[in-house]
Structures are given as structure tokens and as C-alpha cells.
Amino acid sequence: MSRYLLISRSAEYETRLRRLLRSKLEALPGEYLAFGPDETLAQLRGSPRVALLGPLLNFAESKAIASALQERHPGIGLIVVREQRSDLEDWVDGMAIHAVLSPEATDQTTVDLISRLEEWLVSHGKLTPVREEPEEEQSQAEPDADVTGLGEFGLGAIDDSIALESTASEGDSDAEDEPADTLILPAPLDEHVRTEVIAVVAPKGGQGKTTTAINLATGLAEVAPNSVVLVDADVQFGDIAHALNLDPHYSLADVASAGDDEMALKALFSHHEDDFFVVPAPPSPELADDIDARALGSMLRNLSTMFRYVVVDTTPGLGEHALAALENATDGVFVTNMTVPSLRALRKEFELLLDLDILPSNRHIVMNFMDKSSGLLQKDAEEIMGAKVDVVVPRSGAVVFASNQGVPVIHHDVRDPAAKALRELVQRIEPSAAPSRRRIHRKTRTP
Ligand SMILES: Nc1ncnc2c1ncn2[C@@H]1O[C@H](COP(=O)(O)OP(=O)(O)OP(=O)(O)O)[C@@H](O)[C@H]1O
Ligand SMILES: [Mg+2]
């Protein structure tokens with residue numbers, strides 16, 4: 001039984017989609033739209049779960065058919081098949097669509113998007129699960145030999161957030177020369193959902209803030225796919241984009257100056273394949289001068305209305321940007337190593353934040369680089385710091401290895417003790433997060 005619908009004016013695209021989706025696809029020629037959405041949908045035999053509109057449909061007809069589909073098939077997933085042009089925002093704004101797909105996207109990207117959207121709709125209770133009917137023959141998806149049909153991807157929830165995303169930026173070498181071809185829309189926040197801003201800070205450099213922030217965002221995104229944004233507020237020397245193998249088009253400088261226009265903001269985020277977004281630091285330190293701490297604070301407040309979790313990596317110490325992050329944070333993650341100067345500095349940091357009345361109400365202390373050769377015991381460290389340690393992350397070669405590969409360690413080496421400890425931190429913030437996850441195989445950075 002067909003469960004995907006294509007309404008388009010391109011016979012070529014229809015042939016391609018038929019090859020990919022086979023009997024799961026029902027296609028209607030766009031010419032029907034001239035008679036209005038009711039007449040068009042009267043031709044339908046099946047009950048579509050995901051509809052692709054385009055290529056070659058205009059805005060008015062796409063909008064009319066999108067709303068008719070939503071009315072008749074509540075919960076349906078809608079993908080517009082169209083190039084990203086300058087008026088794309090009007091399309092996204094004007095229709096309750098889930099994603100925009102380039103007609104030039106690879107077979108893999110196309111099938112992947114449809115599959116992930118359907119999975120997301122099921123996981124969010126918008127569609128009921130379907131039992132997979134065995135296909136008589138294998139799907140003909142080429143050239144991606146891995147694509148054997150929908151339902152076999154198991155890629156988790158849909159990227160239901162917006163990203164002008166190039167598959168090349170996700171380290172997919174097959175797609176390296178592709179244009180940005182998928183616009184993924186934001187996971188709508190449920191009404192009354194509690195959103196959190198988590199500032200990751202340390203009084204001294206090199207303690208593991210960035211490592212902690214990256215893995216925290218990755219772990220939270222498993223629970224809230226595409227409702228997590230990782231902000232690199234280490235304004236001068238932030239390196240999250242590089243650490244995650246991203247090739248961003250926009251940075252914090254653009255996002256902080258975009259004001260509170262939600263649509264404009266969403267188009268500036270970079271998307272990571274582990275289902276979270278990144279606001280990278282500016283590409284060069286001079287650009288940091290343009291980022292005013294107040295603008296950063298107001299950007300964080302805006303982001304907290306759009307994302308369930310905003311994770312902020314910061315500059316070492318309590319400069320104006322780190323203070324702006326803490327001022328707007330619900331949670332502070334304080335990272336230190338096992339050396340006396342760092343522990344003492346953290347104690348002073350707590351005292352200052354208390355004086356300023358901006359110590360976030362939820363506090364998590366991460367003792368990083370734990371190793372027995374430091375000569376200090378945890379209880380000594382707690383005494384110097386004047387606070388209890390919440391999570392102990394051992395020194396681990398896997399952290400360095402993962403970072404060199406451009407992959408979060410909690411996904412790269414799930415059994416590593418440091419990865420497990422970082423997961424404990426994720427669980428402190430989101431208790432429903434899984435304590436472990438099976439290994440994810442993926443391509444990593446080529447040296
Ligand atoms: N538990 C660990 N075991 C081994 N290496 C680690 C560990 N945590 C972090 N590192 C490594 O230490 C280095 C510094 O970590 P990271 O960049 O996260 O620190 P940071 O506090 O963000 O530094 P900066 O202040 O320069 O921004 C990185 O090379 C990272 O891979
Ligand atoms: Mg850092």
C-alpha cells in the first residue's frame with residue numbers, strides 16, 4: 001500500500017522517486033492542481049503519511065494543497081521539493097511544511113529524509129507505526145548501495161529543525177560536491193515545555209569546557225532531536241566548528257546581530273548529523289569585537305524560546321561573554337582539573353558569582369582529567385574548591401582521538417570511561433537520557 005505521495009510537474013522526478021520508493025509511492029500529476037486541491041485529492045487511492053510537493057509547483061498551489069492534505073490526513077509529513085532560492089523563507093513561513101529538499105539531492109539524501117521524517121512523526125505520536133511489508137524486490141536506489149528501501153535506515157528521529165545544511169558539511173564524502181540540499185525545520189517546542197540554557201564555564205583554559213559542551217549537546221540531542229543548539233561563545237578562539245567537522249556559512253557574529261526574527265535566525269544555524277544545531281564562533285578573532293555581551297545575552301534568550309536545550313561553551317574566566325552566558329543560564333557546568341590553582345580559581349569563581357547573584361540555580365561540577373598521578377584525592381580537591389564534585393571524567397586517550405576525528409566521544413567510543421562519565425552529566429540534566437548507546441558507525445575526518 002502506498003504511503004508516500006508525490007505531486008509534481010516533473011515526469012523525470014516522478015520516475016526517479018518511483019525507482020526509489022517503488023510501490024510505496026503514489027504520484028499525482030501537478031496538472032490536477034488547476035482544478036483545485038479538492039479535485040486533486042479526490043484522485044488519491046491511498047492514505048499518504050508523507051507528501052512531497054514539487055518540483056515545479058508554485059507557491060499558491062503548494063500552499064493550498066499543503067493545507068488540504070493536513071486537513072484530510074492529520075499528522076501527514078510535508079516536504080517541498082524545490083531549489084533553495086532567496087524567497088525560500090516565505091515558503092517556509094507561509095506553509096506548515098517539515099522540510100525542503102532539493103530536486104538535485106542524492107538518492108540517499110532523498111530516501112533518508114523521507115524515512116526520518118516518517119520516523120519522527122511516529123515518535124511524536126502524529127502518525128501510527130506501520131508494519132513493514134516485505135518488498136518483492138530490492139529498491140533500486142543508486143548509486144548508494146546502502147539504500148535498500150525505506151524502513152531500513154533506523155536513523156532515529158527526524159531532523160525537525162531548520163538548517164541550511166549541506167550533506168558535505170556532515171562529512172559525507174559521497175556528497176562532498178553537493179550544494180546545500182536539505183532545509184530541515186525546527187522541532188516545534190511543545191507548549192509549556194521547560195527550556196534550559198546550560199553555560200559551560202571554567203576559570204582557567206584547557207580544562208575541557210569544549211569537550212564537555214560538545215558531548216552534552218550530543219547526549220541531549222538523543223532525547224530532544226533537533227531541539228538542542230550548541231553555541232560557541234568562546235568568541236575569539238572558539239573551535240567547535242572544527243572539532244565537529246563542520247564547515248559553517250554563518251557564525252555567532254551573524255546570529256547575535258539577527259535580532260529576534262525567528263525565521264532569519266533559524267536559517268543561520270549549522271546542523272550536525274547527531275541531530276543538533278551549532279552556532280559557531282566567528283572565523284577570525286577580529287570579528288569577535290562586533291559581538292557585544294548584551295547581544296549575546298539577548299540571543300541566548302531568543303534561542304531558549306526555540307530550543308529545549310541551549311548549551312553554551314565559553315571563554316576561560318569570567319569575561320563579559322561568560323558572564324552574559326551565566327546570567328541567562330538555568331544550569332552552570334563548572335569544569336576543572338585536579339590541580340590546586342584550578343581548584344582555587346573555581347572557589348573564587350563561585351564566590352564572585354554569588355556576590356553578583358548570577359550563580360545559576362542548577363550547578364554541576366565536572367572534575368576532568370582525573371588521574372591518580374595528580375597526588376590529590378577527590379576529597380582534597382573538594383575541600384580546596386569548597387564544593388562537591390558531581391561528575392568525574394578520567395583522563396582518556398579516547399577523548400583526544402575522538403576530537404581528532406571530529407566526532408563526539410560519547411558516540412565514538414561508548415565504552416570509554418570518559419565517555420560514560422560525560423553521559424552521567426547528560427543524565428544529571430536530562431534524567432531520561434539513555435545511560436549508553438550502541439556504537440555509531442560513521443565516516444570521520446580524513447587527515
Ligand atoms: N578527559 C580528557 N582526557 C584526555 N584529554 C582530554 C580530556 N578532556 C579534554 N581533553 C583534551 O584536552 C584538550 C583541551 O580540551 P578542551 O578544548 O575541551 O578544553 P577547553 O576548556 O575548551 O579549552 P579552552 O580554554 O582552550 O577553550 C583537548 O585536546 C581535548 O581533546
Ligand atoms: Mg574551549
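Indexing begins at 1, ligand by ligand and atom by atom, following the structure's order. Note: hydrogens, waters and symmetry copies are ignored here, and every other heavy atom, side chains too, is used.
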Considering both backbone and side-chain atoms of [X], is one of its nitrogen or oxygen atoms within less than 3.5 Å of a nitrogen or oxygen in ligand 1?
X	result
Asp313	no
Gly397	no
Pro316	no
Ala418	no
Gln207	yes
Ser396	yes
Thr211	yes
Thr212	no

Does a side-chain heavy-atom distance below 4.5 Å link Pro408 with Thr211?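 Counting from C-beta outward, Pro408 and Thr211 never come under 4.5 Å.
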Can you check whether Leu6 reaches Tyr13 side chain to side chain, under 4.5 Å on heavy atoms?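 Yes, their side chains come closer than 4.5 Å.
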Check whether Glu430 reaches the backbone of Ser432 with its side chain - one donor and one acceptor, N or O, closer than 3.5 Å.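 Judged by distance alone, yes, a pair lies under 3.5 Å.
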Heavy-atom donor-acceptor pair, Thr212 side chain to Gly208 backbone, under 3.5 Å: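 Indeed, once roles are kept as given, a pair shorter than 3.5 Å links the two residues.
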Among all protein heavy atoms, pick out the one at the shortest distance from [atom]; state its residue, atom name and that distance to 0.1 Å.
atom	result
atom 20 (P) of ligand 1	Lys209 N, 3.5 Å
atom 17 (O) of ligand 1	Thr210 CB, 3.9 Å
atom 14 (C) of ligand 1	Gly206 O, 4.1 Å
atom 19 (O) of ligand 1	Gly208 N, 3.0 Å
atom 12 (O) of ligand 1	Phe369 CZ, 3.4 Å

Closest to atom 5 (N) of ligand 1 (judged by heavy-atom distance), picking from Asn404, Thr315, Val400: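 Of the listed residues, Val400 has the closest heavy atom.
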How far does CG of Leu113 sit from CD1 of Ile79, to the nearest 0.5 angstrom?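 It comes to 4.0 Å.
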Rounded to the nearest 0.5 Å, what separation is found between the CZ atom of Arg3 and the CD1 atom of Ile76?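 It comes to 13.0 Å.
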Close aromatic pair by centroid cut-off 6.0 Å: Phe277 and His272: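 Not close enough - the centres of the two rings lie 6.0 Å or further apart.
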Can you confirm if the aromatic rings of Phe269 and Phe307 lie within a centre distance of less than 6.0 Å?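 Here the rings of Phe269 and Phe307 have centres that are less than 6.0 Å from each other.
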Minimum-distance pair of heavy atoms, taken over all atoms of Val311 and Ala213: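 Nearest pair, atom of Val311 first, then Ala213: CG1-O, 3.8 Å.
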Validate the cation-pi geometry between Arg363 and Phe350: distance from NZ or CZ to the six-membered ring centre under 6.0 Å, angle to the ring axis within 45°.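 Yes; both conditions hold, so Arg363 lies above the ring face of Phe350.
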Which atoms from ligand 1 have a heavy atom of Gly205 less than 4.0 Å away?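 Listed by number with element, the hits are 25 (O).
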Atoms of ligand 1, numbered as shown, that sit under 4.0 Å from any heavy atom of Pro394: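 In order of numbering, the contacting atoms are 1 (N), 2 (C), 3 (N).
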Just one of Leu25, Val111, Val81 clears the side-chain contact (heavy atoms from CB on, under 4.5 Å) bar with Leu17, so which one?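 Of all the options given, the one that passes is Leu25.
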What protein atoms of element N, O or S are positioned under 2.8 Å from the Mg ion (ligand 2)?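 Counting only protein N, O or S atoms under 2.8 Å from the Mg ion (ligand 2), the list reads Thr210 OG1.
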